[in-house]
Amino acid sequence: MSIVSIAKCDDYTLEKVYHAIHRSLSLLNGTEMLVRPGKKVLLKLNLLSSSQTPERAVNTHPAVVRVLVDIFQKDFGCEVYIGDSSGSVKNSSTFNAFRVTRINEIAENTGAKIVNFDKDKYIDVYNKDYEILDKFRIARTLREVDFIVSVPKLKTHGLTQYTGAIKNMLGSIPGNGKKNVHLIAPKPTVFAKALVDIYQMAPPHLIIMDAIVGMEGNGPNAGNPKKVGLIISSRDSVALDTVASNIIGFEPMAVPTIRFAHQRGLGIGELRNITVAGESIQNVAVHDFKKPSSGAQDFAGKYLPNFLLAMMFDNTCSTFSTVNHSNCTRCYECVRNCPAGAMSKDTGKVEVDKKKCIGCFCCDEVCDFHAIEMKRSLVGRALLGMAKALGVEKVE
């Protein structure tokens, strides 16, 4: 049975974060047996944005990173690496993400080593048990370290509903490789299966989620910060996502990454089979956490068979991009990051070819100015209306 520990943490004061993470780890039992002095430990962060400050709740907060560096260096005597690949394909994006979150300063002050996955050497990974991706590239450092600690941010996601521990491993793929995943897996359900393929081949040994301030609404970049006040830890990414998503009001099996990973035996996705240590889910649940506007299918998670749930998920999440030109700064990040080549700037203004758009949210993820508006298909709008009529709550 998997264990997920929950510890309260009111804010990002270093002392409070240290005590919360220390308590969360102590509740897991035996972490000290897994991490020995002299081992190489990689903190795999969630650095989606190269420009958003920590207060926006898009990226893993630097206070959490600083505390983890101190714990693994001082308490465990390990050599610490900090790595990720940001959501943008611009050459300097991951470098800027480390800078804007002040992770570079943490590395300078502690001696931890920053690994920009976009600049790292890569290795080809082959998955004989794949659903969607039989081959992809990951940063070589993930295979060279002894221990991987995933440090995701608690957020909603317009395409996958919720993003946490499983999806965080998408950042193991450098640069343009993430665009290729979206091209291979354009539909939400197929994309979720691809994310599970990646997770299966790059599983972390430990997950420590930054859920002190999460993101609600239309995450993972365009939502709003929401205080949750928690540090959540586990050795099972699927179990952690099950507990974390339930805390913010999701039916876990309606989140496709959780459902598919559970079905493939990669972790525990059923609450009844998870031991929750520390705080109880009931005591820390956030009842007014806003879901993404494509979250209407959540009401069906308990009632529909899987094939109907998958069909409904794809239709409610099926979207296409539009541009709010009054907010657009013409930075053209969306154009650079569109895997389908559906966005252009030939006239100076950003235009979208709806026939090419695959609704992957890549443009929305990298736009810091709320200039991207994802429009839902006619079927999606109808299903959303039906879900609301049946009593779905917390849908923006």
Side-chain angles (χ1 to χ4, degrees), residues 42-50 58-60 83-90 93-94 97 115-118 120 122-125 127 130-143 148-204 207 209-210 215 219-221 237-238 240-241 244-245 255-261 264 266-267 317 337-339 358-366:
L42 170 68
L43 305 179
K44 196 286 174 194
L45 308 185
N46 179 197
L47 298 181
L48 173 66
S49 174
S50 60
V58 177
N59 299 326
T60 305
D84 201 15
S85 170
S86 81
S88 172
V89 298
K90 190 176 179 181
S93 62
T94 301
V115 184
N116 181 340
F117 288 173
D118 297 339
D120 197 17
Y122 62 81
I123 60 171
D124 290 322
V125 173
N127 186 351
Y130 74 98
E131 288 274 345
I132 307 298
L133 301 175
D134 62 335
K135 174 184 174 182
F136 52 91
R137 291 174 172 174
I138 64 171
R140 192 172 73 177
T141 296
L142 286 125
R143 289 290 189 263
I148 299 172
V149 181
S150 176
V151 196
K153 188 79 170 175
L154 177 63
K155 297 187 290 185
T156 54
H157 195 288
L159 188 63
T160 60
Q161 298 303 298
Y162 158 90
T163 174
I166 297 171
K167 190 176 183 299
N168 193 39
M169 300 317 292
L170 175 63
S172 303
I173 298 178
N176 275 327
K178 292 187 285 294
K179 288 177 64 175
N180 294 335
V181 174
H182 283 285
L183 280 174
I184 294 169
K187 285 286 188 179
T189 298
V190 180
F191 181 60
K193 291 180 178 179
L195 290 174
V196 174
D197 285 337
I198 296 165
Y199 167 73
Q200 182 178 18
M201 300 308 294
I207 311 94
M209 173 175 274
D210 172 8
M215 177 173 282
N221 191 29
S237 296
V238 185
L240 185 143
D241 281 349
S245 64
V255 178
T257 49
I258 296 173
R259 185 169 74 253
F260 297 142
R264 287 164 65 169
L266 300 178
C317 290
N337 281 272
C338 179
I358 60 174
C360 64
F361 280 74
C362 287
C363 55
D364 183 65
E365 286 184 352
V366 298

Checklist entry - With a 4.0 Å cut-off, would you call Lys155 and Asp210 a salt bridge? => result no

Item to check | Interatomic distance, Asp84 atom CG to Thr60 atom OG1 [nearest 0.5 angstrom] | outcome: 7.5 Å

Item to check | Closest non-hydrogen atom pair between Gly87 and Asn337, with its separation | outcome: O-OD1, 3.3 Å

Checklist entry - Ser86 and Ser50: side-chain donor and acceptor closer than 3.5 Å? => result no

Next on the checklist: So, taking the atom named CZ in Arg143 and the one named CD1 in Ile123, what distance separates them when rounded to the nearest 0.5 Å?
Outcome noted: 5.0 Å

Item to check | Shortest non-hydrogen separation from Ser150 to Met169 and the atoms involved | outcome: OG-SD, 4.1 Å

Item to check | Which atom of Gly164 lies closest to which atom of Pro152, heavy atoms considered | outcome: O-CB, 3.6 Å

Next on the checklist: So if I apply the side chain to side chain contact (heavy atoms under 4.5 Å, CB included) rule between Thr160 and each of Leu195, Thr189, Ile166, which one comes out positive?
Outcome noted: Leu195

Checklist entry - Mind checking whether Ile132 and Phe191 have side chains closer than 4.5 Å, heavy atoms only? => result no

Checklist entry - So, do Ile198 and Ile173 sit near enough that their side-chain heavy atoms are less than 4.5 Å apart? => result yes

Next on the checklist: Within the 4.5 Å heavy-atom criterion, are Ser237 and Pro203 side-chain neighbours or not?
Outcome noted: no

Checklist entry - With Phe136, which residues qualify under ring pair (Phe, Tyr, Trp, His ring centres under 6.0 Å), at least two apart? => result none

Checklist outcome for this item: NZ (Lys44) and CG (Leu142) are apart, to the nearest 0.5 Å, by 8.5 Å

Next on the checklist: I need the single residue from Val115, Asn116, Ile148 that forms a side chain to side chain contact (heavy atoms under 4.5 Å, CB included) with Thr141. Which is it?
Outcome noted: Val115

Item to check | Distance-minimising heavy-atom pair for Ala165 and Ile207 | outcome: CB-CG2, 3.7 Å

Checklist entry - Taking C-beta and beyond as the side chain, do Asn221 and Asp364 meet within less than 4.5 Å on heavy atoms? => result no

Checklist entry - Taking the side chain as C-beta and beyond, is there a heavy-atom pair between Glu131 and Val196 under 4.5 Å? => result no

Checklist entry - Quick one: are His157 and Glu365 in side-chain contact, heavy atoms under 4.5 Å? => result yes

Checklist outcome for this item: Value for OG1 (Thr94) from CG (Asp118), rounded to nearest 0.5 Å, stands at 3.5 Å

Next on the checklist: I need the minimum non-hydrogen distance between Arg264 and Lys193, along with the two atoms involved.
Outcome noted: NH1-O, 3.7 Å

Checklist entry - Does any pair with a residue in residues 169-184 pass side-chain hydrogen bond (donor to acceptor under 3.5 Å, both in side chains), and if so which ones, sequence neighbours excluded? => result Ser85-Lys178

Checklist entry - Got a second to check how far Leu266's CG is from Thr257's OG1, nearest 0.5 Å? => result 11.5 Å

Item to check | Where Gly171 and Phe117 come nearest, the two heavy atoms and their spacing | outcome: O-CD1, 3.2 Å

Checklist outcome for this item: Paired with Met215, the side chain to side chain contact (heavy atoms under 4.5 Å, CB included) test is passed by just one of Leu154, Val58, Thr163, namely Val58

Item to check | Gap separating the CG atom of Asp197 from the CG atom of Leu133, nearest 0.5 angstrom | outcome: 5.0 Å

